[in-house]
Protein chains: 2
Amino acid sequence: MEPNVQARFAARAKIIKAMGHPTRLFIVDTLSRGEANVQELTKAIGADMSTVSRHLGLLKEVGIIRSERRGSQVYYRLQIPCVLNFFDCVESVIKLTAEEQLKLAE
Amino acid sequence: MEPNVQARFAARAKIIKAMGHPTRLFIVDTLSRGEANVQELTKAIGADMSTVSRHLGLLKEVGIIRSERRGSQVYYRLQIPCVLNFFDCVESVIKLTAEEQLKLAE
DNA sequence: TTCTTATTTGGCAATATCGCCAAATAAGCA
DNA sequence: TGCTTATTTGGCGATATTGCCAAATAAGAA
């Protein structure tokens, strides 16, 4: 793979990889229904706040979400809503895989 | 996060994560233009064939691609074309991030 | 069968990710 | 100022990923 092609795919993969974690995907899903601050997300997720903050930082770094400090809280929201399109496709992969498994079981 | 919700997001994230690697994303992109065997992909990627085979195995395991042996070769193809939708969205994330960077530089 | 090619798998070292605790920073309030 | 809350960051151990080499497996040809 040529270096510039490699770099392009690395940049793309970095963004996709950011969503490739259960907690971060949950965050994206949650933010699709409106902004939330770290506290709220931490409560919904049930992990240490520092862990949630790190996941948020990663999503923000790649440009999927953005943050806005309001007083002592930091609110996050989706920067690019099209990432929600991933969900439907992923569900279809899961569904088809399940169907294939059923066929094998017959 | 409740256990069943956690499991759902874990299953989804696993599929997205499979695409979150430069080589695997390249493979998906390549296969979108038609099937290819391990040899051809290995040549295009420039890594060890064993490495490519492992990437293919992972993509196959999560249901994004499927394989078909024909003689001594194994051909791979996209199982779910909708994964290509990811590319446009990812590009828009990259583009917007670049624009934000430009603004900061002013 | 033996030889050659195509692919996968075992194993391992290097690196990256993850999640927690503790400490640092930021903001608001008394 | 000092106190409290919200968030981020340093650091670390545990785990996962990655890529290579070597060996195993699969298929075809001599």
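Letters A, B, ... mirror the listed sequences (proteins, then strands); counts begin at 1.
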> How would you list all residue pairs meeting ring-ring contact (aromatic ring centres under 6.0 Å, His included) that involve residues 78-106 of chain B, not counting sequence neighbours?
Replying inline: A:F86-B:F86
>> Checking side chain to side chain contact (heavy atoms under 4.5 Å, CB included) between A:N4 and each of A:R8, A:E2, A:M1, which is the one that passes?
In response: A:E2
> For every nucleotide of nucleotides 15-20 of chain D, 5' to 3': is a protein heavy atom under 4.0 Å from its base (B), only from its sugar-phosphate (S), or from neither (-)?
Replying inline: --SSSB
>> Contact list please: residues 32-44 of chain A against DNA chain D, heavy atoms, distance less than 4.0 Å, in numerical order.
In response: A:N37, A:V38, A:Q39
> Which residues pass the side chain to side chain contact (heavy atoms under 4.5 Å, CB included) test with A:K43, sequence neighbours left out?
Replying inline: none
> Do any N or O atoms from the side chain of A:S32 and from the backbone of A:D29 form a donor-acceptor pair under 3.5 angstrom?
Replying inline: yes
>> Closer than 4.0 angstrom, basic N to acidic O: yes or no for A:E61 and A:R54?
In response: no
> Going by heavy atoms closer than 4.0 Å, what residues in residues 65-78 of chain A are next to DNA chain D?
Replying inline: A:S72, A:Q73, A:V74, A:Y76
>> With the threshold set at under 4.0 Å for non-hydrogen atoms, list the residues of residues 7-15 of chain A touching DNA chain D in residue-number order.
In response: none
> Can you list the residues that meet the ring-ring contact (aromatic ring centres under 6.0 Å, His included) rule with B:Y76, with sequence neighbours excluded?
Replying inline: none
>> Going by the rule salt bridge (Lys or Arg N to Asp or Glu O under 4.0 Å), which residues pair with B:K17 if we only count those two or more places apart in sequence or in a different chain?
In response: none
>> Test your reading of the model: is there a side-chain donor-acceptor pair from A:T42 to the backbone of A:V38, 3.5 Å cut-off?
In response: yes
> Considering only heavy atoms from C-beta outward, does the side chain of A:L84 approach that of A:L78 to under 4.5 Å?
Replying inline: yes
> Is there any salt bridge (charged side-chain N to carboxylate O under 4.0 Å, His left out) pair reaching into residues 78-104 of chain B, and which pairs are they, with sequence neighbours excluded?
Replying inline: A:R12-B:E91
> CE of B:M49 versus C1' of C:dG10: gap in Å, rounded?
Replying inline: 18 Å
> In whole angstrom, what separates B:L59's CG from C:dT8's C1'?
Replying inline: 16 Å
>> Please enumerate all residues that pass side chain to side chain contact (heavy atoms under 4.5 Å, CB included) together with B:R70, with sequence neighbours excluded.
In response: B:E35, B:E68, B:Y75, B:R77
>> Could you tell me how far apart A:F26 (CZ) and C:dC18 (P) are, to the nearest whole angstrom?
In response: 17 Å
>> If the condition is side chain to side chain contact (heavy atoms under 4.5 Å, CB included), which residues does A:V93 pass it with, not counting sequence neighbours?
In response: A:T97, B:I15, B:I80
> Can you name the residues that form a side chain to side chain contact (heavy atoms under 4.5 Å, CB included) with A:H55, not counting sequence neighbours?
Replying inline: A:H21, A:T23, A:R24, A:I27, A:T51
